Amino acid sequence: MRVSTKIRNVLCITVATTVLGIGVAIAAFTQESTSDPVAGTAESFAPITVTGAQTGKLRLLPGETADVTLTFTNPNSNVRAKLTSIAAGDVVVDTVASADDKTYCHDQIALSTAGVGPLPTLDLSQANLPFVLADAVKMKEDTDIRCQGMTFHTTWTVESQAVR
């Protein structure tokens, strides 16, 4: 079969146009643009305030326990405060009959968070939420007369995190 010159020229032009068209597509211009600086900020979270009081039995005999009531206030009007842990701090003996017995009497007070139930989340600016730590302070059973009349205070550490 013989191909005419006219058909051959049309085929050559078609093939050349196709090749050049692909070449043009590959050689297209591209550009990249970057935005102006996009500002962001982190939320602010002030620590909650915690006050406490020994409740129930205020004067302990050997073997007795007392509750501790912690009262929480969330000063944040922008975020809620989810309590994540409560830990017993220290026992500080304020007064004891003989200064020589201060260490002994310190060691006769045990602190516990075993009675802590689910921890609350404080709402925005929520104030004065009481939370009871049952049987949190105990005078050990074998405490002797050297600790009678002593006064002491305890500390408690509360951790919280900001939540929406």
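What you see is a predicted model, and the numbers here were worked out from it, not measured in a lab.
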Could you give the distance from [atom1] ([X]) to [atom2] ([Y]), rounded to the nearest 0.5 Å?
| X | Y | atom1 | atom2 | result |
| --- | --- | --- | --- | --- |
| Lys82 | Ile48 | NZ | CD1 | 13.5 Å |
| Glu159 | Thr84 | CD | OG1 | 5.0 Å |
| Leu61 | Met139 | CG | CE | 7.5 Å |

| message | Can you pull out every disulfide (SG to SG under 2.5 Å) where at least one residue sits in residues 32-64? Sequence neighbours excluded, please. | response |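 Every pair satisfying disulfide (SG to SG under 2.5 Å) with a residue in residues 32-64: there are none.
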| said: Filter on disulfide (SG to SG under 2.5 Å), then keep only pairs touching residues 116-164, sequence neighbours left out; what's left? | reply: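 Only Cys105-Cys147 qualify under disulfide (SG to SG under 2.5 Å).
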| query | Could you give all pairs that pass the side chain to side chain donor-acceptor pair (under 3.5 Å) test and reach residues 45-55, with sequence neighbours left out? | reply |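 The answer is Thr55-Thr69.
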| request: Could you list who else is in Val79's hydrophobic cluster, with ILVMFWY side chains joined at under 4.5 Å, directly or through other members? | output: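 Members other than Val79 - counting any ILVMFWY side chain reachable under 4.5 Å - are Phe45.
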Solution key, residues 118-138 side-chain donor-acceptor pairs under 3.5 Å, sequence neighbours excluded:
unit_1	atom_1	unit_2	atom_2	d
Gln126	OE1	Asp123	N	2.8
Asp135	OD1	Thr65	OG1	2.8
Lys138	NZ	Glu141	OE2	2.7

What pairs of residues pass the salt bridge (Lys or Arg N to Asp or Glu O under 4.0 Å) test when at least one of them lies in [range], not counting sequence neighbours?
| range | answer |
| --- | --- |
| residues 28-56 | Glu43-Arg164 |
| residues 47-73 | none |
| residues 69-79 | none |
| residues 68-77 | none |

| query | In chain order, what residues pass the side-chain contact (heavy atoms from CB on, under 4.5 Å) check against Pro47, with sequence neighbours excluded? | reply |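 Expected list: none.
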Per-pair distances, 0.1 Å, donor-acceptor, side chain in residues 85-99, under 3.5 Å, sequence neighbours excluded:
unit_1	atom_1	unit_2	atom_2	d
Asp90	OD1	His106	NE2	3.2
Asp94	OD1	His153	ND1	2.9
Asp94	OD2	His153	ND1	3.1
Thr95	OG1	Thr151	N	3.4
Thr95	OG1	Thr151	OG1	2.5
Ser98	OG	Asp100	N	3.3

| query | Quick one: do Leu111 and Val116 end up in the same hydrophobic cluster if we chain Ile, Leu, Val, Met, Phe, Trp and Tyr together by side-chain heavy atoms under 4.5 Å apart? | reply |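 Yes, Leu111 connects to Val116 through the hydrophobic network.
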| query | Given Gln108, which of Asp144, Thr103, Thr143 fulfils the side-chain hydrogen bond (donor to acceptor under 3.5 Å, both in side chains) condition? | reply |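 The option that passes is Thr143.
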| Side chains of Val158 and Leu83: does their closest heavy-atom pair fall under 4.5 Å? |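 When only atoms from C-beta onward are counted, Leu83 and Val158 do touch, with a gap below 4.5 Å.
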| request: Give a yes or no answer on whether the side chain of Asn76 reaches the backbone of Asn78 with a donor-acceptor pair at less than 3.5 Å. | output: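 Flag not set: sc Asn76 to bb Asn78 has no pair under 3.5 Å.
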| request: Go through Val50 and Trp156 one step at a time and tell me if the side-chain contact (heavy atoms from CB on, under 4.5 Å) criterion holds. | output: CA-CA 9 Å; Val50 181; Trp156 303 85; over 6 Å; no
| Are the charged groups of Asp142 and Lys140 less than 4.0 angstrom apart, N to O? |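 Answer for the salt bridge query: no.
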| task | Apply side chain to side chain donor-acceptor pair (under 3.5 Å) to Asp101 and list each qualifying residue two or more places apart in sequence or on a separate chain. | result |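 Not a single residue meets the side chain to side chain donor-acceptor pair (under 3.5 Å) criterion with Asp101.
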